[in-house]
Amino acid sequence: MALTISPDKEDLVEQFDHTPMWRALGLDLDAHSQLLEILGTAYKDVFLSQQNRPKAMAYLDFVMSEIHGLRIRELVAAKEKGRKVVGTFCLYVPEEVLLAVDAISVGLCAGAELGTQAAEQILPRNTCALIKSFVGFKLAKVCPYVEACDVVIGETTCDGKTKAYESFARLKDMFVLQVPRMKSPESSTLWRSEVRRLANRMEEISGRSITSESLLEAIKTVNAKRRALHRLNALRRADPAPVSGLDALLVNQVQFYDDPVRLTQKIDELCDELEGRVARHECVKPSGAPRLVVSGCPMSAPNWKLHNLIEKSGGVVVGEESCVGERGTRNLVSEEPGSKGDLLDRIADRYLKIDCAIFTPNDERAEHVLDLVRDTKAQGVVHYALQFCTPYQMEAFKLAQACEKRKIPFLRIETDYGAEDAGQLSTRVQAFLEMVR
Ligand code: BJ8
C-alpha cells in the first residue's frame with residue numbers, strides 16, 4: 001500500500017495496527033506502550049492546551065501522533081525497496097552526504113528519562129541526560145528509529161558522547177566521525193577528509209555512488225529545509241509573536257524525523273499562515289508577554305520542559321540559540337555546480353562553522369546570542385545546560401558576562417529530563433519574568 005502521511009488521521013489510524021511492526025523491530029511492547037502513553041499525555045498537556053494555535057500546526061500534531069507509527073512504517077517500506085536508514089546524534093553529521101546515496105537520515109537523540117536505570121548499568125551516573133536517554137532507549141528497546149537503522153553515525157564531540165559510543169557500538173553497527181575541537185587550517189584539512197571518509201562509507205553501505213549531481217540535489221533539498229526554518233524563525237521575530245516558542249521548537253525537533261521535502265512544504269504553509277497573523281497583529285500570548293531567547297544544549301523531543309515552564313508562566317520564547325534551533329540551520333551550502341570533491345569540501349566547510357561549545361575557542365557563539373537577542377527584540381536570555389554537560393555549563397559564564405555588558409538579563413539553568421525540579425525551576429523562571437517585565 002502506498003503511504004502518504006496526511007492529517008486525515010482517523011482513517012489512517014484505523015487502517016494500520018502498528019503492533020506487528022513494532023514486534024518485528026524487536027521492541028519491548030510493554031515498555032514501548034508505557035512510553036507512548038507518557039508521550040501522549042505530555043503532548044496533550046503541553047501542546048494541545050495552548051490557545052489560538054496556528055491551524056497549520058495540525059500537521060505537526062499528526063506527525064507527533066504517528067511518530068512511532070506511520071513514519072516508522074515509511075522507513076520500513078523504504079528499506080524493503082533497498083534504501084538505507086541512517087541514525088545520527090549530532091549536527092556535525094552532514095545530512096547532504098546521507099541524502100546523496102538516497103539514505104534516510106533520522107535523529108536519535110532522545111529527550112525522555114525512560115531507560116535511564118538501564119543506561120546507568122553501562123555509563124557513569126554523572127553522564128548528561130541526553131546520552132543516558134539514547135543509550136537507555138536502546139537498552140530498554142523502546143525506540144523504533146534506532147531499531148530501524150542500518151547504521152548509526154557517531155562523532156567525537158563531547159567526551160561523554162565520544163566514550164558512550166564505545167558502549168553503543170556493542171549494541172548497534174556504528175561509524176564514528178572525528179570532529180576536531182579547534183577551527184584551524186589543520187582542523188579544516190582533517191574535517192574535509194572525515195567528510196570524504198563518511199561519503200565513502202555511505203557508498204559502501206548503500207551500494208550507490210555519490211555523484212556531483214546527487215550531491216547537488218541533496219544540497220538543494222537540505223538548503224530548502226533550512227530556508228523554510230529561517231523563514232519561520234524570522235516570523236517569530238514579529239512583536240507580538242505570531243506562534244508560541246513551544247510550537248516553533250516542535251517544528252525544529254520534527255525536522256530530525258520527518259521527510260525533508262514534505263516537511264519543507266508544511267513549514268512553508270505554516271509560514272504563510274503566520275504572515276497573515278503578523279499582518280493582523282494576531283498573537284499567541286497576551287500583548288506585552290516578556291520575550292526570551294533560550295540558549296544552550298539541544299532539546300530533543302519530547303524535551304519540552306523549559307519552554308513549557310516559560311510559556312505557562314506568561315513568557316514567550318522567540319528564538320533558540322541551540323542545535324535544535326538557529327545553530328542548526330545557520331549557513332547554507334552554495335548551490336553552484338562543482339565536482340564531487342568540491343561539493344564535499346563545501347559541505348565540510350559549512351559544518352565546521354557550527355559554534356558548538358565543544359570547540360575552543362568558541363567566541364562566535366556569544367556574538368550569535370547577542371545578535372539573536374537584538375533581532376528578536378528579546379528582553380532576556382535563559383541559558384539552558386543539561387546537568388553534567390561541561391561544555392555548555394562552562395560557556396554559560398562567558399555568555400553571562402557578554403549579556404551583562406549589554407545589560408541583557410540572564411538566567412542560568414541546569415537541569416535534566418526529570419520533573420523533580422519543575423517547581424523550583426518554575427519559581428526561578430517566574431521571578432526572572434517579573435524582573436524583565
Ligand atoms: S553540535 S551541541 S548536537 S555535540 S548535552 S551530549 S554536549 S554532555 S549534544 Fe551536541 Fe553536536 Fe554540539 Fe550540537 Fe555532550 Fe553536553 Fe550531553 Fe550534548
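Computed from heavy atoms alone, side chains included, the values below leave out hydrogens, waters and symmetry copies. In each ligand, atom 1 is the first atom listed, and ligand 1 is the first ligand listed.
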Identity and distance of the protein heavy atom lying nearest atom 10 (Fe) of ligand 1: Lys161 NZ, 3.8 Å

N-O pairing of Arg327 and Glu321 below 4.0 Å: yes

Distance filter under 4.0 Å to Ile131 heavy atoms, resulting ligand 1 atoms: 6 (S)

Tyr351 vs Glu96, side chain to side chain donor-acceptor pair (under 3.5 Å): CA-CA, chis, key distance, verdict: CA-CA 11 Å; Tyr351 281 79; Glu96 294 88 341; 2.6 Å; yes

Aromatic ring pairing Tyr92/Trp191, orientation class (parallel under 30°, perpendicular over 60°, tilted between): perpendicular

Part of Cys128 within contact of ligand 1 (heavy atoms, under 4.0 Å): side chain

Residue portion contacting ligand 1 (non-hydrogen atoms closer than 4.0 Å) for Ile358: neither

Atom 12 (Fe) of ligand 1: nearest protein contact (heavy atom, Å): Cys356 SG, 2.2 Å

CA sep, side-chain torsions, deciding dist, call: Ile72, His18, side-chain contact (heavy atoms from CB on, under 4.5 Å): CA-CA 9 Å; Ile72 300 299; His18 301 305; over 6 Å; no

Protein heavy atom at shortest distance from atom 15 (Fe) of ligand 1: Cys389 SG, 2.3 Å

Heteroatom N/O/S of Cys158 within less than 2.8 Å of atom 14 (Fe) of ligand 1: yes

Within reach of ligand 1, part of Cys323 (heavy-atom separation under 4.0 Å): side chain

Proximity flag Cys297 to ligand 1, non-hydrogen atoms under 4.0 Å: yes

Identity and distance of the protein heavy atom lying nearest atom 11 (Fe) of ligand 1: Cys90 SG, 2.3 Å

Ion pair Arg330/Glu367, N-O distance below 4.0 Å: no

Protein contact to atom 2 (S) of ligand 1 [nearest heavy atom, distance to 0.1 Å]: Tyr392 OH, 3.2 Å

Part of Pro298 with heavy atoms under 4.0 Å of ligand 1, whether side chain, backbone, both or neither: side chain

Test side-chain contact (heavy atoms from CB on, under 4.5 Å) applied to Leu130 and Asn303, step by step: CA-CA 10 Å; Leu130 188 148; Asn303 177 9; over 6 Å; no

Donor + acceptor pair across side chains of Gln50, Ser244 (<3.5 Å): yes

Over-ring placement of Arg412 relative to Phe397, 6.0 Å and 45° cut-offs: yes

Sole residue of Phe137, Phe168, Phe256, Tyr145 in ring-ring contact (aromatic ring centres under 6.0 Å, His included) with Phe89: Phe168

Residue Thr157 vicinity, atoms of ligand 1 by number, heavy atom under 4.0 Å: 4 (S)

Under-4.0 Å protein heavy-atom contact, atom 8 (S) of ligand 1: yes

